[in-house]
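As structure tokens, the structure follows; a few thoughts come after it.
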Protein chains: 2
Amino acid sequence: MNLKELARKLDLSPTTVSRALNGYPEVNEATRERVAAAARKYNYQPNTRAIRLATGRAMAVGHVIPVATRHEIVNPVFADFIAGAGEVYSRNGYDLLLSVVPDDDEERAYRELKSRGTVDGVIVHSPRMQDERIPLLHDLGIPFVVHGRATDSARPYPWVDVNNRRAFQRATEFLLDLGHRRIALLNGLEFMDFAIRRRAGYEAALAAHGITPDPAIMAAEEMTETCGHRLGVALLSAPNPPTAFLVSSMIMGLGLRRAIEERGLRMGRDVSVIIHDDELSYLRNGDDVPIFTATRSSVREAGRQAAAMLIGLIRGEAGAPRELLMEAELIIGQSTGPHRG
Amino acid sequence: MNLKELARKLDLSPTTVSRALNGYPEVNEATRERVAAAARKYNYQPNTRAIRLATGRAMAVGHVIPVATRHEIVNPVFADFIAGAGEVYSRNGYDLLLSVVPDDDEERAYRELKSRGTVDGVIVHSPRMQDERIPLLHDLGIPFVVHGRATDSARPYPWVDVNNRRAFQRATEFLLDLGHRRIALLNGLEFMDFAIRRRAGYEAALAAHGITPDPAIMAAEEMTETCGHRLGVALLSAPNPPTAFLVSSMIMGLGLRRAIEERGLRMGRDVSVIIHDDELSYLRNGDDVPIFTATRSSVREAGRQAAAMLIGLIRGEAGAPRELLMEAELIIGQSTGPHRG
DNA sequence: ATCACATTTCAAACCGCTTTGGATTGGGAC
DNA sequence: GTCCCAATCCAAAGCGGTTTGAAATGTGAT
């Protein structure tokens with residue numbers, strides 16, 4: 001059933017039917033209801049392809065997912081972020097278009113998205129510092145929202161981010177208050193913007209206590225279980241090992257815990273650990289009692305917020321906020337305890 | 001730059017330009033090259049929306065991701081499956097459309113996908129046994145491929161799956177050969193088809209050794225870290241605890257390991273564990289030496305295969321295989337050892 | 001009765017491409 | 001020289017909606 005057929009059944013012009021269904025004012029309330037009833041009866045659904053061509057809008061949002069050609073890692077937070085964003089898109093009639101692109105081909109991907117008009121806007125994932133995608137998207141004139149931030153961007157740009165700096169600063173302070181002085185940092189790779197900010201927070205808290213950060217107990221690696229384990233083993237068996245760890249992801253934290261327990265130590269008693277918890281749905285930090293003490297911020301909620309912001313931008317809604325800094329909670333779990341001198 | 005403008009620049013009709021670019025035979029080789037050159041020069045990209053309307057094809061594939069309204073879990077294998085599928089789509093000019101849908105609303109989602117013509121085909125995720133989506137998609141006439149299988153489907157349907165039964169049968173046999181007799185099964189929720197098949201393999205291997213499965217050491221739960229931990233604690237502290245575990249996912253295995261180590265036991269020495277490893281990119285089972293002994297099968301590869309099969313179906317390629325059973329490898333890691341009587 | 005004006009409806013153009021059904025041209029067969 | 005056919009190209013009609021500009025109808029004021 002298409003518009004023309006429906007119009008013929010109703011003995012109306014396609015124009016009127018279209019307007020009736022789209023809520024235009026210049027149509028009689030009685031006819032509008034007649035049209036609506038018929039549309040329901042015949043289960044009329046306007047053809048998306050036609051709407052898109054006619055209106056010039058794609059009614060779709062793109063998420064370009066760069067897949068590192070070398071280590072081929074898919075960011076584990078994607079699934080939840082997208083689940084959150086997807087909710088908002090479907091409520092607003094937008095489709096979610098996923099482009100999986102080798103990371104050396106991203107620029108071409110964005111240009112094509114623009115010139116072929118497949119999407120009305122995009123979400124930028126995993127920003128690096130001085131990310132080239134931001135000026136590119138500005139130039140192309142595609143509405144976009146960055147999940148995270150890119151330090152040192154020349155122009156302002158819309159973003160949704162967690163206050164990574166504050167979170168890690170608070171977490172470090174918490175450990176300091178427990179008496180820990182030798183606090184290791186297991187960070188993500190530091191070309192990622194969030195990793196830089198977390199380190200900054202960590203260093204600021206140390207500095208405020210007159211402690212100079214020790215590069216020997218600061219690592220920046222891929223946030224995997226095995227990396228967490230390897231770093232844990234190395235740091236714990238070194239001379240003057242840390243008594244506490246600040247870890248950038250739950251998965252890495254699981255690896256660290258493995259290293260701790262292999263050495264016959266107890267997490268929370270012998271060694272304190274704070275992780276960052278993205279509240280991934282398949283990796284909950286405990287059901288009721290948190291396993292890890294954690295800085296917690298829902299990445300799914302970030303997805304919702306970013307999607308809402310992007311739709312606002314696409315619709316050209318003025319005055320909507322263009323920046324959103326989400327504060328992480330500090331959740332006290334069983335993985336931290338006072339320093340045992 | 002659109003087709004009409006390009007045609008005018010070339011002093012040709014849009015017809016000819018279109019044909020030249022799409023490789024139709026009725027155009028002079030010389031003009032074809034002239035057209036191609038101009039297209040490059042002006043960076044002409046045909047408008048996707050127009051192509052879609054004109055051809056009636058959506059050039060897009062849908063992945064409907066049901067989000068459980070209650071526990072809100074996003075399947076952690078999605079990200080990698082989709083990364084694999086996405087590679088194949090982009091190579092073939094298809095877009096990947098993600099619909100995040102509350103799981104009680106899935107039927108409507110599929111019907112709408114059909115009647116609005118947004119996609120040419122879909123991938124069905126996480127099939128249950130007797131999955132209602134399969135007859136629905138058959139009726140709607142949308143090409144589809146199921147990732148996994150649905151026991152007891154009346155009609156045949158295209159699928160890509162791991163041989164879950166064989167994998168768990170082999171794993172169980174391996175444990176039996178090591179002398180274990182009390183082998184626990186930590187399975188996924190058993191309305192999922194793969195969980196049923198894994199249990200069948202487990203039970204078959206036990207039966208071949210004259211062992212009656214003991215429901216007391218068989219669990220079917222959500223495959224999370226905390227569930228693995230909770231079940232591990234419960235089973236290990238029960239009278240007559242198992243000496244080996246067969247676990248349906250790596251994440252669950254991490255939780256189990258935590259329970260084992262909390263009790264002062266060593267995995268691989270005191271308790272043997274075999275997990276199923278989907279080779280998730282962010283959750284590798286060790287870098288060179290596997291942490292867990294595992295049945296291993298790449299979910300990303302499954303994504304590639306399913307995508308390729310679906311595109312074949314959409315294109316109406318006859319003779320292409322409609323079913324693909326991938327065998328899992330048994331990888332020997334450090335988490336298994338002989339039974340210590 | 002007449003006119004201005006708001007309300008309601010419609011015909012037709014348009015979005016940018018594909019595709020059908022000719023039209024034109026040139027060369028070879030007869 | 002005529003006819004046929006292959007090789008090229010084109011005009012126009014689509015795809016299924018939206019949107020513009022105009023027409024038809026009804027209403028109240030004059």
Side-chain angles (χ1 to χ4, degrees), chain A residues 1-36 38-39 42-60 93-95 112-120 315, chain B residues 1-36 38-39 42-60 93-95 112-120 315:
Chain A
M1 172 67 61
N2 63 22
L3 185 65
K4 212 191 289 181
E5 288 165 26
L6 184 64
R8 195 151 32 220
K9 293 235 187 249
L10 284 162
D11 216 7
L12 284 171
S13 75
T15 313
T16 306
V17 176
S18 169
R19 283 181 168 153
L21 293 172
N22 290 316
Y24 281 74
E26 57 270 81
V27 45
N28 190 316
E29 227 17 75
T31 31
R32 189 193 303 282
E33 270 159 37
R34 210 159 60 86
V35 170
Y42 297 108
N43 187 30
Y44 166 73
Q45 305 264 31
N47 182 304
T48 328
R49 296 191 287 267
I51 293 181
R52 286 176 174 163
L53 179 56
T55 60
R57 285 170 297 153
M59 292 310 284
Y94 281 80
D95 281 337
E112 222 178 277
L113 243 32
K114 170 68 179 186
S115 55
R116 310 185 73 120
T118 350
V119 300
D120 297 319
R315 293 198 178 137
Chain B
M1 171 68 59
N2 63 23
L3 185 65
K4 211 193 290 182
E5 290 166 25
L6 184 63
R8 197 153 29 224
K9 293 233 187 251
L10 285 161
D11 216 7
L12 284 170
S13 76
T15 312
T16 306
V17 176
S18 168
R19 283 180 167 150
L21 293 172
N22 290 317
Y24 282 74
E26 57 270 82
V27 44
N28 191 316
E29 230 12 80
T31 34
R32 188 192 303 282
E33 270 158 35
R34 208 158 61 83
V35 171
Y42 297 109
N43 187 31
Y44 166 72
Q45 306 263 32
N47 181 304
T48 328
R49 297 190 288 265
I51 295 180
R52 286 175 175 164
L53 180 56
T55 60
R57 284 171 298 154
M59 292 310 286
Y94 280 80
D95 281 337
E112 220 179 279
L113 244 33
K114 170 67 179 187
S115 56
R116 311 185 72 122
T118 351
V119 301
D120 296 320
R315 293 196 179 141

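A note on names: the letters A, B, ... follow the listed sequences, proteins ahead of strands, and every chain is numbered from 1.
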Checklist entry - How many Å lie between CD on B:Glu26 and P on D:dT8, as a whole number? => result 10 Å
Item to check | Distance in angstrom units between B:Glu29 CD and D:dC9 C1', rounded | outcome: 15 Å
Next on the checklist: Checking B:Glu112 now: which residues fulfil salt bridge (charged side-chain N to carboxylate O under 4.0 Å, His left out) with it, not counting sequence neighbours?
Outcome noted: B:Arg108, B:Arg116
Main-chain N/O of [Y] paired to [X] side chain as donor or acceptor, under 3.5 Å:
X	Y	value
B:Arg32	B:Tyr24	yes
A:Asn28	A:Ala30	yes
B:Ser18	B:Pro14	no
A:Arg49	B:Gly117	yes

Item to check | Contact pattern, 5' to 3', of nucleotides 12-19 of chain D - B, S or - by protein heavy atom under 4.0 Å | outcome: B-BBBBBB
Next on the checklist: Determine whether A:Asn2 and A:Asn47 satisfy the following criterion, side-chain contact (heavy atoms from CB on, under 4.5 Å), listing intermediate values before the conclusion.
Outcome noted: CA-CA 8 Å; A:Asn2 63 22; A:Asn47 182 304; over 6 Å; no
Item to check | Residues A:Arg8 and A:Glu5 bridged, charged N to O under 4.0 Å | outcome: no
Next on the checklist: With heavy atoms of chain A within less than 4.0 Å as the criterion, where does contact along DNA chain C begin and end?
Outcome noted: C:dT8 to C:dG16
Checklist outcome for this item: Minimal heavy-atom distance between B:Thr118 and B:Ala58, with the atoms involved, is O-CB, 3.2 Å
